[in-house]
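Atoms within a ligand are numbered from 1 in the order they appear, just like the ligands themselves.
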Amino acid sequence: MAHLTIEELPSEEYYMPGNALCAGCGESLAMRLALKILGWRTIVITVPGCMSAALIMGASAVPLLVGPFASGGALLSGVETALEAKGVKDVNVVAFIGDGGTADIGLQALSAVVERGHNVIYICLDNEAYMNTGGQRSGATPLRAATTTTPGGRLFRGKLQPKKNIPLIMADHEAPYVATASIGFALDYMEKVKKAAGIRGPKYIQVLCPCPVGWGYHESKTVELARLAVATRVWPLYEVEKGRLKITYEPRTPKPVREYLRAQRRFDHLTEEDLAELQKLVDEGWAELKLKARSAEE
Ligand SMILES: Cc1ncc(C[n+]2csc(CCOP(=O)(O)OP(=O)(O)O)c2C)c(N)n1
């Protein structure tokens with residue numbers, strides 16, 4: 001597929017400014033960029049979270065359905081089935097849902113919509129915690145991150161469990177298209193949204209959306225952090241198409257993981273040993289990913 005260029009991007013906006021989200025919100029950018037690609041023949045589905053707060057207050061220029069927290073996948077199936085019954089075939093049915101609504105409370109409905117093979121796109125806006133209610137840990141919060149329910153300090157060591165790997169869980173559901181993305185790599189993300197819109201069946205994209213409030217950094221640094229996550233290999237960019245995993249961006253000289261961690265207050269409590277442990281885990285994760293990509297080439 002030819003790469004998308006900035007010149008090709010439409011000037012139309014479907015995500016409106018002046019909404020309720022914080023300055024420097026990563027989710028806002030993720031929503032704006034995806035809607036630019038999807039266009040006006042789109043129905044947006046969301047559930048409680050930062051994004052529903054923005055959308056209910058008028059940020060969406062396209063039709064919007066907001067339902068109960070656990071029901072993202074069920075709402076997608078219902079809307080897609082209704083359109084199918086009416087013979088409407090040119091509308092994108094797309095969910096934008098936070099990592100809590102995806103990895104935890106909404107996982108059952110997400111699993112079901114993918115297993116049943118509905119023609120929908122599910123975009124997880126991953127800010128790595130339940131940010132709209134004060135930054136509690138979610139299944140997608142990374143190991144050792146401090147949140148309001150997993151404090152960091154000398155006594156408490158942040159989250160004790162690793163980040164739940166939803167993209168690979170979705171790939172194991174045999175979804176025809178699964179991808180990770182970062183708002184720091186906007187064209188890569190938009191290309192993935194465009195590709196997803198052209199594939200029939202359930203598509204899942206998880207886009208990393210740094211959060212200045214929950215992660216503890218200045219609001220001007222959101223894109224920088226979204227890029228650092230990829231440059232350090234903490235958040236690798238890949239896609240899985242019909243079961244074949246392909247890494248879509250490889251940092252030639254990866255930056256040390258500490259550069260990413262030390263830029264955020266949620267990792268302030270980390271010791272040198274913690275940093276070494278996290279670097280090792282990132283290296284191991286990357287090696288595993290490379291192995292999967294290599295076996296897909298064979
Ligand atoms: C059944 C239910 N439990 C709890 C809530 C309260 N609630 C509203 S938004 C939210 C946090 C959402 O977090 P996430 O899905 O990660 O999205 P984010 O706010 O980070 O974008 C919670 C816990 C709710 N609305 N419904």
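A salt bridge links Arg144 to Glu277: one of the charged nitrogens lies within less than 4.0 Å of a carboxylate oxygen. The pair Arg262-Asp268 does not meet the salt-bridge criterion, since no charged nitrogen lies less than 4.0 angstrom from a carboxylate oxygen. Checked for salt-bridge contact, Lys192 and Glu239 miss the test: no charged N lies under 4.0 Å from a carboxylate O. Residues Glu13 and Arg32 are paired through a salt bridge, judged by an N-O separation under 4.0 Å between the basic side chain and the carboxylate.
With Cys209, Cys50, Ala103, Ser138 as candidates, the residue nearest to atom 18 (P) of ligand 1 on a non-hydrogen basis is Cys50. The heavy atom nearest to atom 10 (C) of ligand 1, considering only Leu21, Thr133, Thr46, is found in Thr133.
Contacts between Glu27 and ligand 1 below 4.0 angstrom, taking non-hydrogen atoms only, involve the side chain exclusively. Only side-chain heavy atoms of Phe69 come within less than 4.0 Å of ligand 1; its backbone N, CA, C and O stay farther off. If you look at Asn132 next to ligand 1, the close heavy atoms, those under 4.0 Å, come from the backbone and the side chain alike. Under 4.0 angstrom from ligand 1, there are no non-hydrogen atoms of Pro68.
An N or O contact shorter than 3.5 Å links Ala129 to ligand 1 by distance. For the pair Met131 and ligand 1, the shortest N or O to N or O distance falls below 3.5 Å. Between Gly100 and ligand 1, at least one pair of N/O atoms sits closer than 3.5 Å.
Here the protein heavy atom with the shortest distance to atom 15 (O) of ligand 1 is Gly101 N, 2.8 Å.
Within the 3.5 Å criterion, the main-chain N or O of Thr150 finds a donor-acceptor partner in the side chain of Thr147.
Between the side chains of Tyr122 and Thr102, at least one donor N or O lies within less than 3.5 Å of an accepting N or O. Between Gln136 and Thr133, the side chains place a donor N or O and an acceptor N or O closer than 3.5 Å (distance only, hydrogens not considered).
With Gln206 as reference, Asp126 is the one residue of Asp99, Asp126, Asn165, Thr180 to meet the side chain to side chain donor-acceptor pair (under 3.5 Å) rule.
The contact set between ligand 1 and Gly98, taken as ligand atoms under 4.0 Å from a residue heavy atom, comprises 14 (P), 15 (O), 16 (O), 17 (O). Heavy-atom proximity to Pro48, at under 4.0 Å, picks out these atoms of ligand 1: 8 (C), 9 (S), 12 (C), 25 (N).
In this structure, Ala53 does not count as a contact residue of ligand 1, since none of its heavy atoms falls inside 4.0 Å of the ligand. Under a 4.0 Å heavy-atom criterion, Asn127 is in contact with ligand 1.
Centroid-to-centroid, the aromatic rings of Tyr249 and Phe185 come within less than 6.0 Å.
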